[in-house]
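Note sheet for the following structure.
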Amino acid sequence: MDITLPSAFPVHFVNGHQALALEMTPALELSQALTLLQLQPSRPILVLVGGASGLQDSHFDVLSHLFQDSLCPWLQARGFGVVDGGTEAGIMQLMGEAYHQTQCSFPLVGVAAQGTIVLPQDPSDATDERAQLDPHHPFFLLVPGQDWGDEAPWLAKLAHCWAGSHPSVTLVVNGGGITFQDVAESVALGRPVVVVAGSGRTADSLAAALEGDRSDAQASALVQSGLIHSIHLEQASQDMLALLDRLIAVYSG
């Protein structure tokens, strides 16, 4: 029996931007989803995870400059794709704004659980619990789930599938409990993880565990993988990019 695959559909934002979205179904493989979203061929991938809320105001300006002046140009120059949570909050919003301000063209994909977001063309579905999609992301994969964190395994596996034989790396900025899940998913796939120490919460807990602090059992268990690395927010952006370059070289094969 033939199985009809879903089609990607446009998402129209009030700022005039348009994105391409796809709802993940049981009949759909991730490789097929990439094709339907026009995200082939494979390429190196950055997974961005961390705080949707909880970032200190003082961090916003620092991270905004970091993303706009350094990270986005680096991603563009090296032909990366980026996968994150895709909502208009925290580091995902900062990435979307940086992507727009720098006029980059690398593919930026938001992965979100269907029950946690509202589409801009369906305002009647809006609730206090649902988040808006970021209007500067050009692609979205909407996956099954009603709760925050349901997207975590999908996000990690989409990046793994999309990278193919290319390397991938996870960047952690701030974050709460779900970020620990995101990091665990990356570690399970053998993906190196860079945590930005000084950005707060989960990132700081992981950085502290790297320095020998065993007060957080979750962080301690993850650093035992040998895949966790850290860079401090106050260090020069060139230091972070140099670390990413080293990890990409090490994990390229």
Kindly give the heavy-atom pair with the smallest separation between [X] and [Y], and that separation in Å.
X	Y	result
Gly85	Ala112	O-CB, 3.8 Å
Asn174	Thr179	O-CG2, 4.1 Å
Val173	Ala203	C-CB, 4.4 Å
Phe106	Phe80	CB-O, 3.1 Å
Gly81	Trp162	CA-CH2, 3.9 Å
Ser237	Leu66	CB-CD1, 3.6 Å

Just by distance, do the side chain of [X] and the backbone of [Y] share a donor-acceptor pair under 3.5 Å?
X	Y	value
Asp204	Gly198	yes
Gln114	Leu142	yes
Arg191	Ala156	yes
Ser199	Val196	yes
Glu211	Ala208	no
Gln68	Thr102	no
Thr116	Gln146	no

### Query
Just wondering, are more than 12 heavy atoms of other shown residues or ligands nearer than 6.0 Å to NE2 in His59?
yes
### Query
Taking everything shown except Gln40 itself, do over 12 heavy atoms lie less than 6.0 Å from its CD?
yes
### Query
Measuring from Phe139:CZ to Leu22:CG, what's the distance to the nearest 0.5 Å?
11.5 Å
### Query
To the nearest 0.5 Å, what is the distance between OG (Ser53) and CD1 (Ile91)?
11.0 Å
What I want to check is whether the side chains of [X] and [Y] have a donor and an acceptor closer together than 3.5 Å.
X	Y	value
Ser220	Gln224	no
His137	Asp84	yes
Gln132	Thr87	no

### Task
Determine, stepwise, if the pair Leu20 / Gln38 fulfils side-chain contact (heavy atoms from CB on, under 4.5 Å).
CA-CA 9 Å; Leu20 192 64; Gln38 303 171 27; 3.9 Å; yes
### Query
Which salt bridge (charged side-chain N to carboxylate O under 4.0 Å, His left out) pairs, counting each pair once, include a residue from residues 145-173, with sequence neighbours left out?
none
### Task
Could you check Gln76, His65, Met95 and say which one makes a side-chain contact (heavy atoms from CB on, under 4.5 Å) with Leu71?
Met95
### Task
In sequence, state the C-alpha distance, the side-chain angles, and the governing distance for Ile228 and Val195, and then conclude on side-chain contact (heavy atoms from CB on, under 4.5 Å).
CA-CA 7 Å; Ile228 313 296; Val195 299; 4.1 Å; yes
#### Entry: Near-ring test His100/His17, centroid separation under 6.0 angstrom
yes
